[in-house]
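Following: one structure in structure tokens, then a few remarks.
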Amino acid sequence: MAWESGFASDYRDLLLRLKEVITGSTLITMPVVSGTGDGVLHGLHTTGATAAETWTITCTNDLVPATFSVVGSVSGAQASATADVPYTYGTLSFIITAGSVDFEVGDSFTFAVAVNPLVAASQVWSVERWSGTGAKVVNYLVSSVYDGTGTYNGEKAVDLSTTTYWSSQVGEVSGAWWQVEFDKPVDIRKFSIGGYTHEWPTNTNPAAPKDFDIAYSDDGISFTVDSSYVDQITWLTGEVREFLLTGTGGAHKFWRINIAATNPGGTAVKLYSLKLFSQPNALFNVAYYGDGYDAVLRGPGTAGGDDIYVAIRPDAYIHNGPNWVLEGSLGYASGLDSLGQPGYSNELITSPQPHQPRLPLFDAPFKYWITVSGRVITVAARFQGISELCQLGFFLPYAMPEQSQYPYPLIIAGAQSGGGNSSYTSFNWQRADDGHSLVFSPRCAASGLSGIDAAPSPVRVYTPYNTWAQVANFYSGNYNWPYGEAKTLTTTPYQMMRDPEGVGSYAAYLGPMLNGKYPLTAICLVDVINDATYGELDGLKHIPGVHPIESIITDDEDQDWLVLNNVFRVSSVDFVAMRLL
Amino acid sequence: MSYATGTADTRETLLDLFKTFAIASGWSLDRYELRNTGAILDIHKAGVTETLYAHLRSVYFEDLPGLSAGDFAGITVSMSESYDSSKDATNQPGAPLNLTNASQWYNARISGFTPVSKYWFFSSSSPTEFLAMVVLLPGGTYRHIIIGEVEKYDATVLGGAFFYASEGWAGGGLDTLPFYAAGFPWSNPGASYVHLNADERDGWWGPGWVSSGGELSLIGATVSHPFTCGALAYNSVNQFSNASALVQANLFLKAQTGLWAIFSRIPNLRYSRRSAFLVDTVYPLGADNWMAFPLYSVNSNYALVYKKVT
């Protein structure tokens, strides 16, 4: 029912904008650029239902930093904007970032704002949960490192691995410290430490901290102790101890654990499975994920009678690329994080990293498209020459809704997955492997392995049999859509994407119609285990052939579709059309 | 009239009833007469881009023009580019069997003996002409004949008259969907035809009977068959809903580029899974009503689903 496109400032900004769009804020159009400078206007936000009008942002002084007039067709002239300085007028905000070519006087950006049709259609989503500061981890610092090879550096304390840890140099016990820096202030209210598992022969952990405190700082120099802990002895193998913070706390950019003493016999400090939490009951380890916006969103359906729960969490682990972790659930519980909601896909507990689908994004301005109805959200992005896309919400089931034959046809689709013991342990847009693929051709690939730990697909559906299943049509490198052959893996039935017209098997042969237009064919969810066809994707269709990426085509019903490719792939079966509602 | 059902003692009675139904549906009668071992029915109606001339002929082991062997009892169906009262139903001007390179394979028919246990007739003029009969024969098997004009997605493709019957001459199975390329890139020949002027080629196009077809008759030319691809994405009726999707019968042609170009679909007809439906039952779906019939036997995988316009 609604769509917009623009430039997000980064992956976190895109989530902020998505929240605004799906909750009914005024929509914007992609800024039209005119002139010489190659800077970009991004981070454009409108909150609430501001009046429809056209805004023109014109360079009036090209001395660096350039300044711009800001004129609304209804609001009139407003205060000037300055390049690289956030600008706000009422509910409108944006930032202009200078590029490699300086702006010249007369260069302009023009965009329109318009009423969001979701409101009139009563298809506005509600934000059930929105927490976090959006902060990401900048770095981990420590007082010293055991051997300097990186094997025991500060990151190893929080990398979720079951075998790695941070170790201070031998001899440093009292006075050792571990520190994390965030790019925005974060409050920490709980942390946990795991018992080191490899001490022999006592099976206890002399290197575990015995007396320690946790402190915060806003400059990384001057720290204030929040809480202190003493006599933490007799750590057993695999033991995890949780510590609540009892001080005044508050949000700060630097958090540090100062160790005054190890357990008896320890010659160095070793921290293993360290996790920091922003709330006592939080699931997210902000030392790993950052304190990203933890969003649980509820869609009302097209008639207002549904409760469709999806969740998005930006992952800001320093060694992952920026990405969103995607999840769905059957209900909502206010005390739980987004990945632990009732009926979620139950993969969070798989260590060392969850298997949830992810959408790789970018940490600098990039182009995006958002479409949303009361049933489903689709987000696409373009940067660095690749296309990314995710879809969260209901697909179109082949079942009768009034008979509740398939009451919760939820799809959670990203472009990467992994974690666990799979082949894929990091998530970033640079990956050019089989495990990086969009929803119309989801893949899993890990030769010699099986099951979810081998190669989780980036697509999940909630089946009519009240289970979660993965969807893939690519496995072990031998199959490619549309020739996908689903494989039964050990733990989860895999399905495949095809189109209900049956064209899928021959899609590589499909060309344009004789009038030059291209057919759009539906993308179908097929369950090869239960011999069923669940339905088809809503707002996404396959388009055969090779096309200009980002081109917009119009079908016979005058519906516009955005053409994107499958991440980095550009063969004749690698294009998908996204309906611009 | 857009729907009728009943029984018929003989093939000729069935054709007579079908004549009445066609006329009531706006078709013009060119000829209906008893001839030799059967009856002949010629009708026509203006389509969107061409006039649709249809010819049905009942026969009982009789040689017909274009058909060399009288080995068949049933009803043949054909279409042509015009009507000639001096000719039998199978060799009307421009009909597939009357082309210079024609062979007896260019024949669509339903075989069977009477009486017809039950018939169902369907017609519609929207979005394009559609006239069909389904018959239930003794022994519990079904036959289909469909005449009409395809619903085009591509206005640059001219023509569009099409006809289909359950069987083609060459003895393919009786389970052949209209234009279905079951054995890619060609299927059982003779059961489906569409009259097109497209991609600089003009004539009757069929789903891929591979022979030394001539240039005019594109039937048999290996580069030009129209077809539908795999009819359903997967095999069965959804267990969770006891429902099966109604899949539209899209037609593709192989363009001279070597790639396939979609150009139309069969109006008012869908493919689906037979086991999802009961015969002689109306299934409402939105504002439309549909009736499904096994493609051949009650054990067929597929059903043809007709829109019942009332």
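For the numbers below, each heavy atom of this structure counts, side chains included, while hydrogens, waters and symmetry mates do not.
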Trace of the side chain to side chain contact (heavy atoms under 4.5 Å, CB included) decision for A:M513 with B:F263 | CA-CA 6 Å; A:M513 291 191 278; B:F263 66 94; 6.0 Å; no
Shortest non-hydrogen separation from B:A261 to A:P512 and the atoms involved =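 Nearest pair, atom of B:A261 first, then A:P512: CB-O, 3.3 Å.
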Discussion item. Distance check, rounded to the nearest 0.5 Å: B:K152 atom NZ versus A:N515 atom CG?
Written reply: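 If we round to the nearest 0.5 Å, B:K152:NZ and A:N515:CG are 11.5 Å apart.
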Within residues 154-161 of chain B, contacts to chain A at heavy-atom distances under 4.5 Å involve B:D154, B:T156, B:V157
